[in-house]
Each structure stands twice: as structure tokens, then as C-alpha cells.
Amino acid sequence: MVERRRTVHDIASRKLRGRKIRSSIYIGFIVSAIVVALIPLGFIVVALLVKGAHVISATFLTATPVQPTLFDQDNIGGIGNAIVGSLVVDGIAALMAVPMGVVIGLYLSERSTRTATILRSVSEIMTGLPSILFGVFSYIYIVTWMRGYSAFAASVALALLMTPVISKAAETALRDVPLSLKEAGLALGARQSTVTLKVILPYAFPGVFTGVLLALARAVGETAPLLFVIGASIIYDWNPAHPSTAMPLMIFNYAGSFYESQQAAAWGVALTLVVIVFALNLAARFVAARMRREQY
Amino acid sequence: MEQNISTGGSTAVLTAPAMRLRQVGVAFAGRTAVRNVTFNVDENKVTSLIGPSGSGKTTLLRSLNRLHDLTKTAVVTGDIYLRDLNVYGGDLPTTLLRSRIGMVFQRPNPFPTMSIYDNVVSGLRFNGIKDRALLDEAAESALISAALWDSVKGRLKAHASTLSGGEQQRLCIARALAVEPEVLLMDEPTSSLDPVSTQRIEELMTELKQRVTIVIVTHNMQQAARVSDNCAFLLMAEDRAGELIEFATTEKIFHNPDDPRTLDYIQGRFG
Ligand SMILES: Nc1ncnc2c1ncn2[C@@H]1O[C@H](COP(=O)(O)OP(=O)(O)OP(=O)(O)O)[C@@H](O)[C@H]1O
Ligand SMILES: [Mg+2]
């Protein structure tokens, strides 16, 4: 035994040097990979700030757009209507996607039937589909059915995009709920549905909520699914049945504009959007960390 | 009253068994884990289940409140009665059955998302009770019974996870008691606790048995000897299925058991 212990220690100390060298090589790789990945991100952020920051003002964020003319090129109004449009479109999308995603996540976490397996595959495939296809779907079914473009049609497209993201996050979070808690609930005489509502969902809430915010962050920035279902609008309009517009569409429209003032505005919208997405991401992290801390 | 009557046995009506097990068996995916267990759980007594690891103590205990219903591969055979109600015969809904037979698990499992107060009254709320006065009263009385009131009365709104392990287990006992069960099942309730907490919970059991019938699984021989009135000894048969070797008063099991295997186990000769 003592023999073996000595051998083990000898080998361990001889290998230590090699391990140290290898470890520093790996760390070098990782650091350079991170730097390479961060360089383009840095360029984007700098470009956004340089070209977009000066455009943003209170008027820019609240006014409605004005079509510039050759004689008054700099008067472009604001993007208030697009902010409202994004709020309406993304809000309604979330209203549809959150319950659907959570219910699907619940089903996937509780059952291991063939239906569950198929549903899981479908939902994974949906996560990978080009987002424009959701726009196509919404055009075929919603726009045709409602006989016109609308914020609601855009919401449907985005809800389809968000649902699989939320259901994935919900499934993962719900699977992490310890069996002992479910048993504790049932052993007190609770029905299964009560346990789900009062024990399982509250426990999984931080994970589900993070998933919702991440899905929202993705939806807020999407242009493709909206392109041919949302129509256009240059006024404040909270009615989801009316045509509308959204921030990413403003970027799309302004970026190709003839007027330099509108091209600059595209940068401004982009910067606003990045700030919103960044805030959503931060909030997701913050909420998750905070709630986890409270639970333990 | 009832507790004044000695174990003489002439007063059959008053000391009617709280539960009866008749040829109870449990199998998982066709493999028998427990077979042919028959004994009575006497009212206001502590009944302990002892036996080596894998002899089916937990499995048997969980059959009493139908917790195996969650496991699709599990099949329970034989008959289990709560009073004169057939537990598996559809005489009462499972939720109602489980509010009459409470359970305390091996590891403390308070609901981490709830406060201490919410944990204690959770069983009542799950069963549809909303009356604030009633909940407050039940919470206080359950916490007093679980010897936890004095240390938590000032922080009922605090998260349950801020309690120590021993306090958490007593919280789980309070949570089970708040529903006012007739029978309390305890699966090695002190195995994750330190000696002081263990002693408190053992003392608690002796007090509690005046209002609730207790069935406890324990690995600790001294504990079984200290707290229980009756004792069931389980052992694996050739095919590793648990069988009831002997059921008797704790006194008898520990001093002159009928079966030599019981004596071997008590004296630590195997298991
Ligand atoms: N859900 C299950 N599925 C399959 N087999 C199970 C299941 N639960 C228990 N068993 C089997 O039943 C047998 C008895 O297990 P049980 O947990 O009841 O033993 P125990 O006496 O409580 O042991 P311990 O003292 O270690 O807690 C074991 O062989 C175990 O593998
Ligand atoms: Mg066990």
C-alpha cells in the first residue's frame, strides 16, 4: 500500500509540469478566441455609438416620422410610432407565446411519450427555421383571413418564433424541480394540478422567466417575419387590427433611403434597439440570479 | 381517555387499529420488492419498521399513502385499510386519503419558494382552506406541536431555507401536522440530522402520539427501541424481495423475539 502511494505521488508530481504547460496553452487559445469574437462586436458597438448617438433625442424617440423633402432634408421626425408598434406587436406575441411555451414545456417535462418526443423534435426544428418562414405562415393564414396587414399578423409570426425558445427554457427549468417537492405536495393531499401551479411553477419561475426575456430579446430585433404581414403606418396606433410598423423595419426602410438624414436615423434606431435588447438580456440575468439567491 | 387504557386489549373498540395491512405486496416492473406483509397499525402508538437496506421499508411505507401511484411501473397488491376504508379499493379519493395520512420524508423538503408560514399552511391551502383566522391558528398550533414556534414566531415571513436542517425537518413535521392527519408516516426522519435535533424529534414523537398514530422507518436500533411501541422486522428473501419476518411489541422484538433472524439482526450479526 505504501509502495503504491509513493508511485502515485511520484507520477503525479512528474506529470504536474506537463499539465501546467498544457493548461497555459489552452488558456491562450481561449483568450485569443474570445478576442477574435469580440473585435467585430466592438466595431459594431463603436459604429453604432458614433453614427447613432447624435441622432437620438427626446423628439426622435417620441415624434412620428416626417417625409424629408429636397428643401428640408433634415426634418425626419421621430420613431415614436415604431416604438409603440414594437410594443404592441411584441406584447401581443408574448401574450400568446408565453402560455403556449409554458404549457408545452410542462408537457415535455412531465411526459416521455412518443407524442412528447415528436413535439420536442418539431419545436427544435422550429428554432432552427429561417424566421421569414413564420412571416410566410402568418401571411397565408392571418393576413388572408383578416383581409389585410395588421400588427396582430406580425404578433402571430413572432409568437411562432418565440414559443419554441420559451418551451425549451421552460422544459429545462421544470425538469430541474426536485421530485421530493412534488412528493411533498402530493403527500399533503394536493391534486396534481395544484402541485404544478403552487409548487412546480414557482420553483421553475426564474428559469422560465429568463427564457421569456431571451425570446423577447430575439423577437424585438426581427425584421423578416414582419416584412409582408405588418403593412405600414406613420401614426401612433395601438390597435392591433390595424397595419403598424416596428423598430427593425424602420432600420430596414431608412438604411436604403435616398436621404442622408434617414440613413443616419437608421443608426439611431439600431442603437435604440441594441440598448433595449441589451437591457432585456441584463434583466434576464439579474432576475435569474436574484431569484436563485432568494430560494437558497 | 384512550391513552389511559393500557395495552391489555379488552377495549377493542377504543383501540381499534388505525390501519390494517393484509398480504401487502409491491412490485416494480414485475420485480417484487415487498411481499405478503400483514400487521395492524395501532391507534396512538408508534409502529417502527426496521430491517437491512433494501428490505423494502420505504417501499412499504409509501404504499400506505399511495405514493407509488406516481411510479408507473409500481403495482401494489393485497389490502390496506384506514379504519374500515379500503385504501386501494376506491373507498375515498386519493387526495383525501393523503390529507388523512401525512408524511415526513428522509430529507427535509420544505417548499423553498415559500415562507415559513406559507410552508406550514400549504397543506391546508392545497385542500382549499382560505380562512385567514383558521390558517393562523393552525400554523401556530402546528408549530407549537413541532417544537418550532418559539424559534420562528418572530420570522414567519422568512424563507424556509433560512432554517437549519433540523429546524427544516421540524417545519416539515409541522406542515404535515397542520392538516390534522390521523396517521403520520415518517421515513428515517432523523437520518440527516445531528444528535441534538434527533433527540428533539424523538421527544416530539412521544408527545405527538397522543393525537396521531405514527409509523416510522428507522435504521437506528436504539431509536426504534426508544420511540416505538410496536415493531415490524423486514428482511430480504432469497429473491431479494422484502418479507415481514416478525411483528410484535418493541419490547418483545428487542428482548425475546420468536424468530432467530430477528435476534441476529437486533444483535448486529448481519445486515
Ligand atoms: N421506484 C422504484 N423502481 C424500481 N425499484 C425500486 C423503486 N423503489 C424501490 N425499489 C427497489 O425496492 C427494493 C426496496 O427498496 P426500499 O427503498 O424500500 O428499501 P429500504 O428498506 O427502504 O432501504 P434503505 O434502508 O436503504 O432505505 C430495492 O431493491 C429497490 O431497488
Ligand atoms: Mg428507505
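Note that the structure is a prediction, hence the values are computed from the model and not measured.
Interface check for chain A: of the options B:Thr162, B:Leu67, B:Asn109, the most heavy-atom pairs under 4.5 Å are formed by B:Asn109.
Side chains of A:Lys198 and B:Ser122 form no contact here, defined as non-hydrogen atoms less than 4.5 Å apart.
A side-chain donor-acceptor contact under 3.5 Å links B:Gln223 and B:Thr190.
In terms of heavy-atom proximity, B:Asp69 sits nearest to B:Arg66 at OD2-NE, 2.9 Å.
In this structure, chain A has a heavy atom under 4.5 Å from the backbone of B:Ile101, while its side chain stays farther away. Heavy atoms of B:Pro110 lying under 4.5 Å from chain A belong exclusively to its backbone. At a 4.5 Å heavy-atom cutoff, the contact between B:Arg175 and chain A is made by backbone and side-chain atoms alike. Using a 4.5 Å cut-off between heavy atoms, B:Asn127 contacts chain A through its side chain alone, with no backbone atom that close. Looking at B:Phe105, the atoms closer than 4.5 Å to chain A (heavy atoms on both sides) all sit in the side chain, from C-beta outward.
A salt bridge is absent between B:Arg62 and B:Asp187: the closest approach of a Lys/Arg side-chain nitrogen to an acidic carboxylate oxygen does not fall below 4.0 angstrom.
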Could you walk me through whether A:Ser131 and A:Arg218 pass the side-chain hydrogen bond (donor to acceptor under 3.5 Å, both in side chains) check? CA-CA 11 Å; A:Ser131 57; A:Arg218 189 175 160 203; 5.1 Å; no
